[in-house]
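Here is the structure we will look at, set down as structure tokens.
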Number of protein chains: 2
Amino acid sequence: MIGVSTNIFLFLSLMHNQSLESPYDLIFKNIARYIELTADEKELYKSFLKEGSAKRKEFVMLPGEITKYEYFVTKGCLKVYSLDRNGVEHVSMFAIEDYWTGDMASFMTQQPSTYFIKALEDSEFLMINKENFEQLFQEIPKFERFYRNLYQSSLVNYIRRTNQGIALTAEERYEIFLSRYPHVANRITQKDLAAYLGITPEFLSMIRSRMSKR
Amino acid sequence: MIGVSTNIFLFLSLMHNQSLESPYDLIFKNIARYIELTADEKELYKSFLKEGSAKRKEFVMLPGEITKYEYFVTKGCLKVYSLDRNGVEHVSMFAIEDYWTGDMASFMTQQPSTYFIKALEDSEFLMINKENFEQLFQEIPKFERFYRNLYQSSLVNYIRRTNQGIALTAEERYEIFLSRYPHVANRITQKDLAAYLGITPEFLSMIRSRMSKR
DNA sequence: CAGTTTTCTTAAACTACTTTATTTTTCCGC
DNA sequence: GCGGAAAAATAAAGTAGTTTAAGAAAACTG
């Protein structure tokens with residue numbers, strides 16, 4: 001899980017009172033974790049963003065496309081995944097409110113993506129394209145610092161997940177996911193969670209019944 | 001493999017003619033991938049670094065310690081690894097010349113590390129401590145950009161490795177490692193490579209004999 | 001270069017996870 | 001609230017990778 005949510009409680013309060021927060025309030029709070037923006041800078045940044053949305057089951061991105069945007073989810077839940085050569089689905093991350101997502105490799109290198117991004121719920125997000133992303137660093141150099149910190153946190157999470165994938169059993173990984181991302185776990189299906197954990201839904205089901213018998 | 005080597009050929013030329021390059025030339029070339037430093041800035045940066053070395057089989061870092069430094073390898077090869085609760089070794093990365101390494105999570109959060117760093121060959125490196133790391137961004141803000149880019153590349157590599165770990169068989173991961181990091185592969189033992197791939201040395205040996213029979 | 005330690009190989013028994021198939025339960029679009 | 005589709009549970013047979021053990025090859029150390 002790359003995106004590094006600012007704060008679970010912020011997200012929970014949003015759940016109960018979504019209309020009070022605009023999508024921009026959420027993204028500014030996210031950015032304020034690492035840098036402070038002046039009112040002018042906020043306006044400029046806002047002008048670099050585009051609003052997007054997708055209904056449940058709609059695709060936000062398809063493999064083969066050159067990734068145009070990085071996404072910041074303001075409502076709903078996106079699933080980022082790919083298919084291996086046997087057609088088996090592998091989920092790279094779930095992005096809920098306050099998470100950044102996209103295909104970073106494709107966005108950075110402008111090579112075709114190998115990922116699908118699909119909305120699991122009716123979703124809304126803010127998007128920044130490659131030109132604006134580059135421009136951002138020219139206009140507001142502080143953003144170098146923001147992204148340096150964002151990527152730093154993401155890396156720590158990825159390193160952890162890589163090592164877990166190698167060192168732990170599926171059951172252990174499942175338990176860790178439940179305790180670390182409970183608010184994600186109860187929004188997604190077991191099938192999708194299995195695809196994130198790297199196991200079959202049948203085996204996840206077995207794990208669950210084994211665990212409940214203890 | 002996190003560190004993102006600038007250039008294999010640079011490294012190869014170093015192998016043949018090490019005395020001509022100082023460790024600082026190497027790190028400045030590494031940094032020049034993303035930002036340009038003035039002579040003054042180079043001097044200042046140099047003053048933030050410390051030189052270190054370790055003989056073959058010596059430990060550079062032990063678990064339990066709070067990580068003091070990030071390391072840039074200028075000679076030799078370091079192995080970053082941890083032990084799981086069964087005492088099985090899991091290699092997180094090999095760092096050769098021109099690679100950055102360390103325990104980023106521990107360095108950033110100043111929590112005790114869970115990693116060993118051990119020299120596989122007589123090695124030399126440059127180190128930056130946490131205070132100087134923070135200071136660096138105050139004194140030379142350009143470094144935000146450098147690290148933003150460095151972390152970006154590392155993330156792309158990590159995302160790739162995570163997905164490979166889940167989607168591919170051990171044999172496929174072995175072949176990919178060989179073609180992607182041939183210069184690392186022939187400097188390390190099969191035992192260490194197996195611990196990187198997440199399999200037993202016995203199984204790697206089996207894979208190799210299976211492959212050679214084709 | 002001899003002795004010792006470590007690494008590598010091979011092979012048989014074992015385990016975590018997959019595959020395939022069937023049944024039951026949940027969900028969501030009308 | 002109903003009908004159809006998707007998800008979840010259960011179970012049996014199969015496979016990728018582990019474990020244990022023992023011998024052969026390589027590689028440090030004195």
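Residue numbers start from 1 in every chain, and the chains themselves are labelled A, B, ... in the order their sequence lines are given, proteins ahead of strands. Everything numeric in this text was worked out from a predicted model, so none of it was measured.
Within residues 165-172 of chain A, the residues that have a heavy atom under 4.0 Å from DNA chain C are, in order of number, A:Thr169, A:Ala170. Near-neighbour residues of DNA chain C inside residues 198-211 of chain A, defined by a heavy atom below 4.0 Å, number-ordered: A:Gly198, A:Ile199, A:Thr200, A:Glu202, A:Phe203.
Judged by a 6.0 Å distance limit and a 45° cone about the ring axis, B:Lys79 is positioned over the six-membered ring of B:Tyr81. A cation-pi arrangement is present between B:Arg161 and B:Tyr196 under the rule of less than 6.0 angstrom and at most 45 degrees off the ring axis.
Sorted by first and then second residue, the salt bridge (charged side-chain N to carboxylate O under 4.0 Å, His left out) pairs with a member in residues 101-123 of chain A read A:Lys55-A:Asp122, A:Glu121-A:Arg187; sequence neighbours excluded.
Annotation: side chain to side chain contact (heavy atoms under 4.5 Å, CB included) contacts of A:Asn186 (sequence neighbours excluded): none.
B:Ser22 contributes a side-chain N or O that, together with a main-chain N or O of B:Tyr24, makes up a donor-acceptor pair within less than 3.5 Å. Here the side chain of B:Ser123 pairs no donor or acceptor atom with the backbone of B:Ala119 at under 3.5 angstrom. No donor-acceptor pair closer than 3.5 Å links the side chain of A:Arg173 to the backbone N or O of A:Gln164.
Using modelled atom types, one finds a donor on one side chain and an acceptor on the other under 3.5 Å when comparing B:Thr162 with A:Thr162. Side-chain atoms of B:Glu172 and B:Thr169 include a donor-acceptor pair closer than 3.5 Å. Between the side chains of B:Arg33 and B:Asn30, at least one donor N or O lies within less than 3.5 Å of an accepting N or O.
Checked against the 6.0 Å centroid threshold, A:Tyr45 and A:Phe143 count as a close aromatic pair. Aromatic ring centres of A:Phe133 and A:Phe107: separated by under 6.0 Å.
Heavy atoms from other residues, nucleotides or ligands lying under 6.0 Å from NZ of B:Lys130 number more than 12.
Chain A approaches DNA chain C within less than 4.0 angstrom (heavy atoms of the protein), and the contacting nucleotides run 5' to 3' from C:dC17 to C:dG29.
If you check D:dA8, D:dC28, D:dG17 against the side chain of B:Arg173, the one that comes closest is D:dG17.
Between A:Arg56 atom CZ and D:dA5 atom P the separation is 15 Å, expressed in whole Å. A straight line from NZ of B:Lys57 to C1' of D:dC28 spans 7 Å, rounded to a whole angstrom. Here D:dA7 presents its C1' atom at 17 Å from CG of A:Asn186, a figure rounded to the nearest Å. Distance B:Gln190 CD to D:dA26 P: 12 Å, rounded to the nearest Å.
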At a cut-off of 3.5 Å, list every protein nitrogen or oxygen paired with a nitrogen or oxygen from nucleotides 2-4 of chain D, distance to 0.1 Å.
none

